> 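I am attaching a structure below and will ask some questions about it afterwards.
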Amino acid sequence: MASALGAQASVAAPIGAGGYGRRSSSSKGSNTVNFCNKSWIGTTLAWESKALKSRHMNKIFSMSVQQASKSKVAVKPLELDNAKEPPLNLYKPKEPYTATIVSVERLVGPKAPGETCHIVIDHGGNVPYWEGQSYGVIPPGENPKKPGSPNTVRLYSIASTRYGDSFDGKTASLCVRRAVYYDPETGKEDPTKNGICSNFLCDSKPGDKVQITGPSGKIMLLPEDDPNATHIMIATGTGVAPYRGYLRRMFMEDVPSFKFGGLAWLFLGVANTDSLLYDEEFTNYLQQYPDNFRYDKALSREQKNKNGGKMYVQDKIEEYSDEIFKLLDGGAHIYFCGLKGMMPGIQDTLKRVAEQRGESWEQKLSQLKKNKQWHVEVY
C-alpha cells in the first residue's frame with residue numbers, strides 16, 4: 001500500500017542522496033532523451049567510462065532520473081495502459097512469483113535517523129501493476145510464530161509507475177526503511193527483534209531471488225478520468241512511495257493516453273534534510289513544471305511551526321489550509337500515506353480549520369468520501 005504495511009515500514013523512494021543517480025553519462029545514437037546529463041537510449045545508458053560501466057552494468061534498471069526536462073521519456077509496452085481494470089492478486093501467498101533483485105541503493109544521507117533503501121525488482125513483466133498499488137513480499141525462512149510454516153506476507157507500496165525504473169514494464173521499485181530494534185535499557189541493537197522483511201530486502205544483492213505476491217489495493221489508485229484534476233499528496237517518510245509513481249507518470253514519462261495538465265501538490269514530512277526521499281527528482285519537477293507541481297517539506301528536527309514547536313506535516317497543512325479547503329471544495333483529490341500515527345494529528349488540524357471556517361468537519365469528510373476524493377493508506 002502506500003507504504004510498507006505489516007511489521008515493516010516500507011514505501012517508495014527515488015535514488016537521491018548517496019545514490020548513484022547523480023553520475024553523468026555521455027550520449028550516443030538516436031532517440032536519446034537527456035535528463036541532467038543522463039542519456040537514455042531505449043532503456044540502456046551510454047556510460048562515460050568503462051569503470052562506471054562495469055561497476056553499474058547490473059544496476060542500469062534502477063537508475064533514477066534526477067532532472068526531468070520538457071521532453072519526456074518514451075515508455076513501453078503501451079499496452080500496459082489498455083486495461084480497463086487494475087490487475088489484482090495475480091500471485092497469492094501459497095503460490096508467489098519468484099522475482100529477481102536488480103539493485104539496492106541507500107536513499108538517505110549520513111545524518112538521517114535509520115536507513116531507507118530504494119529496491120528495484122525484476123518481475124519480467126509477469127506481475128503488472130498500476131500506480132498506487134502494493135506488492136507483498138515473503139521473506140525467506142520459517143515463521144517464528146508457526147514453526148514449519150513460511151514467513152507471512154509484508155505489504156509494500158510500489159514506488160514506480162507501471163513501466164518501472166527501466167521504462168519497459170519489467171521492473172517495480174520499493175521504498176523500504178530498515179526496521180531495527182534497540183534495547184531501551186542497554187541502547188544496543190537486538191538483531192532478534194529487527195524487522196525480518198525490511199532487513200532481508202535492504203541486505204539483498206543483485207541477482208538474489210525474492211518471493212512476491214499481488215499486486216493489491218485500489219484505495220490509492222491515481223484517478224485519471226480528468227487529466228486536469230488537482231491531487232494533494234501528504235506523506236510521512238516512506239509513505240511517499242506511491243506519490244513517486246504518480247509524479248513520474250505525470251511529469252517524466254511520455255504516456256500518450258495520459259497528458260497531465262492539472263496540479264500535483266506534495267507535502268512530505270521527515271526528520272531532517274538527510275532524510276528526504278526522492279528530493280532531487282521532486283525538485284526538478286518543480287523547476288520544469290512550476291505551474292503544475294508544488295512541493296512542501298516538513299522537517300521536524302530542523303524547522304519550527306508557528307508556535308515554536310517541531311514542524312510536522314499537519315503544521316504545513318494548517319499553513320496552507322485555506323487554499324487546501326478551497327481546492328477540496330473544487331473537487332481536488334487528497335491522499336494520505338505513511339505511519340498510522342500521522343492521521344490523528346492531521347485529522348485534528350483539519351477539524352480545527354473547518355470549525356474556524358464555520359464548517360462541520362464530520363460533514364465535510366463524509367462528503368469527500370462520498371465523492372471519492374479522500375484516499376488513505378497507513379500502516
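We number each residue from 1, following the sequence as shown. Keep in mind the model is a prediction, meaning the values are calculated, not measured.
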> Considering all heavy atoms of both residues, which atom of Ile324 and which atom of Ile317 are nearest to each other, and what is their separation?
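Closest pair (atom of Ile324, atom of Ile317, distance): CD1-O, 3.8 Å.
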> Answer yes or no: is there a donor N or O on one side and an acceptor on the other, between the side chain of Gln367 and the main chain of Gln363, under 3.5 Å?
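Side chain of Gln367 to backbone of Gln363, a donor-acceptor pair under 3.5 Å: no, none is there.
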> Please report the closest heavy-atom contact between Leu201 and Val104, naming both atoms and the distance.
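Heavy atoms of Leu201 and Val104 come nearest at O-CG2, 3.8 Å.
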> Assess whether salt bridge (Lys or Arg N to Asp or Glu O under 4.0 Å) is satisfied between Lys259 and Asp254, documenting all intermediate values.
CA-CA 8 Å; Lys259 302 294 185 183; Asp254 183 10; 2.8 Å; yes
> Roughly how far apart are Phe251 CZ and Phe282 CZ, rounded to 0.5 Å?
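CZ of Phe282 is found 11.0 Å from CZ of Phe251.
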> What's the verdict on salt bridge (Lys or Arg N to Asp or Glu O under 4.0 Å) for Glu319 and Lys316, showing C-alpha distance, side-chain angles and the deciding distance?
CA-CA 5 Å; Glu319 194 177 317; Lys316 277 291 177 184; 3.6 Å; yes
> If we count only N and O atoms by modelled type, under 3.5 Å, do the side chains of Thr98 and Gln211 hold a donor and an acceptor together?
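There is such a pair (donor and acceptor under 3.5 Å, judged by atom type) between the side chains of Thr98 and Gln211.
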> Assess whether salt bridge (Lys or Arg N to Asp or Glu O under 4.0 Å) is satisfied between Asp329 and Lys364, documenting all intermediate values.
CA-CA 9 Å; Asp329 289 341; Lys364 192 171 195 69; 2.5 Å; yes
> Just to verify, what does Glu253 make a salt bridge (Lys or Arg N to Asp or Glu O under 4.0 Å) with, not counting sequence neighbours?
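So Glu253 forms no salt bridge (Lys or Arg N to Asp or Glu O under 4.0 Å) with any residue.
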> Ignoring hydrogens and geometry, is there a side-chain-to-backbone donor-acceptor pair from Asn151 to Pro140 under 3.5 Å?
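The answer is yes, because a donor-acceptor pair under 3.5 Å joins these two groups.
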> Just how far is it from atom OH of Tyr295 to atom CD of Glu281, taken to the nearest 0.5 Å?
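The OH atom of Tyr295 sits 10.0 Å away from the CD atom of Glu281.
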> Provide the closest heavy-atom pair for Lys340 versus Val378 in the form atom of the first, atom of the second, distance.
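Taking every non-hydrogen atom into account, CA-CB, 3.7 Å.
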> For the rings on Phe336 and Trp374, is their centre-to-centre separation under 6.0 Å?
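For Phe336 and Trp374, the ring centres are under 6.0 Å apart.
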> Would a single hydrophobic cluster contain both Met233 and Leu221, if residues Ile, Leu, Val, Met, Phe, Trp and Tyr are joined by side-chain heavy-atom contacts under 4.5 Å?
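No, Leu221 does not connect to Met233 through the hydrophobic network.
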> State, to 0.1 Å, how close Pro144 and Pro147 come at their nearest heavy-atom pair, and which atoms those are.
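Answer, listing the atom of Pro144 first, then Pro147: O-CD, 4.3 Å.
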> Indicate the atoms forming the closest heavy-atom contact of Pro128 with Leu80, along with that distance.
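Answer, listing the atom of Pro128 first, then Leu80: CB-CD2, 4.4 Å.
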> For Trp130, does its backbone N or O pair with a side-chain atom of Arg162 as donor and acceptor, under 3.5 Å?
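Flag not set: sc Arg162 to bb Trp130 has no pair under 3.5 Å.
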> Is Met342 reachable from Met311 through a run of I, L, V, M, F, W or Y residues, each pair having side-chain heavy atoms under 4.5 Å apart?
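Looking at the clustering, Met342 is in a separate group from Met311.
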> State, yes or no, whether a side-chain contact exists between Leu276 and Val270 at a heavy-atom distance under 4.5 Å.
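Yes, their side chains come closer than 4.5 Å.
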> Cut-off 3.5 Å, side chains only: do Tyr285 and Asn292 have a donor facing an acceptor?
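Tyr285 vs Asn292: no donor-acceptor pair found between side chains.
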> Any side-chain donor-acceptor pair under 3.5 Å between Tyr163 and Asp168?
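Note: Tyr163 and Asp168 side chains miss the donor-acceptor criterion.
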> Are the side chain of Ser366 and the backbone N or O of Glu362 linked by a donor-acceptor pair below 3.5 Å?
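No: the side chain of Ser366 does not pair with the backbone of Glu362.
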> Side chains of Tyr129 and Ser160: is there a donor and an acceptor less than 3.5 Å apart?
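Distance-only check passes for Tyr129 and Ser160.
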> With no hydrogens and no angle check, do the side chains of Asn272 and Arg301 hold a donor and an acceptor under 3.5 Å apart?
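Absent: no donor and acceptor within the cut-off.
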> Would you say Asp226's side chain and Asn228's backbone share a donor-acceptor pair under 3.5 angstrom?
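Yes; judged by distance alone, with no hydrogens or angles, the pair exists.
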> Under a 3.5 Å threshold, yes or no: a donor from one side chain and an acceptor from the other, between Ser173 and Asp165?
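Looking only at side-chain atoms, Asp165 and Ser173 do form a donor-acceptor pair, the distance falling under 3.5 Å.
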> Using a 3.5 Å distance criterion without hydrogens, assess whether the side chain of Asn199 forms a donor-acceptor pair with backbone atoms of Gly195.
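Yes; at least one donor-acceptor contact below 3.5 Å.
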> State, without any angle test, whether Glu302 and Thr273 hold a side-chain donor-acceptor pair at a distance under 3.5 Å.
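Yes, side-chain donor-acceptor contact under 3.5 Å.
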> Are Glu85 and Lys218 packed together at the side-chain level, in the sense that at least one heavy-atom pair is separated by less than 4.5 angstrom?
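In contact.
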> What's the separation between atom OG1 in Thr283 and atom CD in Gln288, rounded to the nearest 0.5 Å?
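Spacing of OG1 (Thr283) from CD (Gln288) equals 12.0 Å.
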> Which heavy atom of Asp81 sits nearest to which heavy atom of Ser257, and what is that distance?
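Looking at all heavy atoms of both residues, the shortest contact is OD1-OG, 3.3 Å.
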> Leu88 and Val137: same hydrophobic cluster, using ILVMFWY side-chain contacts below 4.5 Å?
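Unlinked, Leu88 and Val137 end up in two clusters.
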> Under 3.5 Å, side chain of His123 to main-chain N/O of Ala99, donor-acceptor pair present?
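Such a contact is absent between His123 side chain and Ala99 backbone.
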> Report yes or no: does Glu105 contribute a side-chain atom to a donor-acceptor pair with the main-chain N or O of Cys117 at less than 3.5 Å?
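No; zero donor-acceptor contacts below 3.5 Å.
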> Which of these passes side chain to side chain contact (heavy atoms under 4.5 Å, CB included) with Gln133: Pro242, Pro86, Ser216?
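It is Pro86, the one option of Pro242, Pro86, Ser216 that forms the side chain to side chain contact (heavy atoms under 4.5 Å, CB included) with Gln133.
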> So, taking the atom named CZ in Arg352 and the one named CD in Gln347, what distance separates them when rounded to the nearest 0.5 Å?
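Between Arg352 CZ and Gln347 CD, I get 12.5 Å after rounding to 0.5 Å.
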> Within this structure, what is the OH-CD1 distance for the pair Tyr312 and Ile346, rounded to the nearest 0.5 Å?
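Rounded to the nearest 0.5 Å, the OH-CD1 separation comes out at 12.5 Å.
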> Between Tyr320 and Arg294, is there a cation-pi geometry (under 6.0 Å to ring centre, at most 45° from the normal)?
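The answer is yes; both the distance and angle limits are met.
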> Checking Asn143 side chain against Ser149 main chain: does a donor-acceptor pair fall under 3.5 Å?
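Not a single qualifying donor-acceptor pair exists.
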> Would a distance-only check, ignoring hydrogens and angles, find a side-chain to backbone donor-acceptor pair under 3.5 Å from Asp348 to Gly345?
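No, Asp348 side chain to Gly345 backbone: no donor-acceptor pair under 3.5 Å.
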> For His231 and Tyr335, which I'm curious about, is there any donor-acceptor pair between the side chains at under 3.5 Å?
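Yes, a side-chain donor-acceptor pair sits under 3.5 Å.
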> To the nearest 0.5 Å, what is the distance between CZ (Arg248) and CD (Glu131)?
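Answer rounded to 0.5 Å: 11.0 Å.
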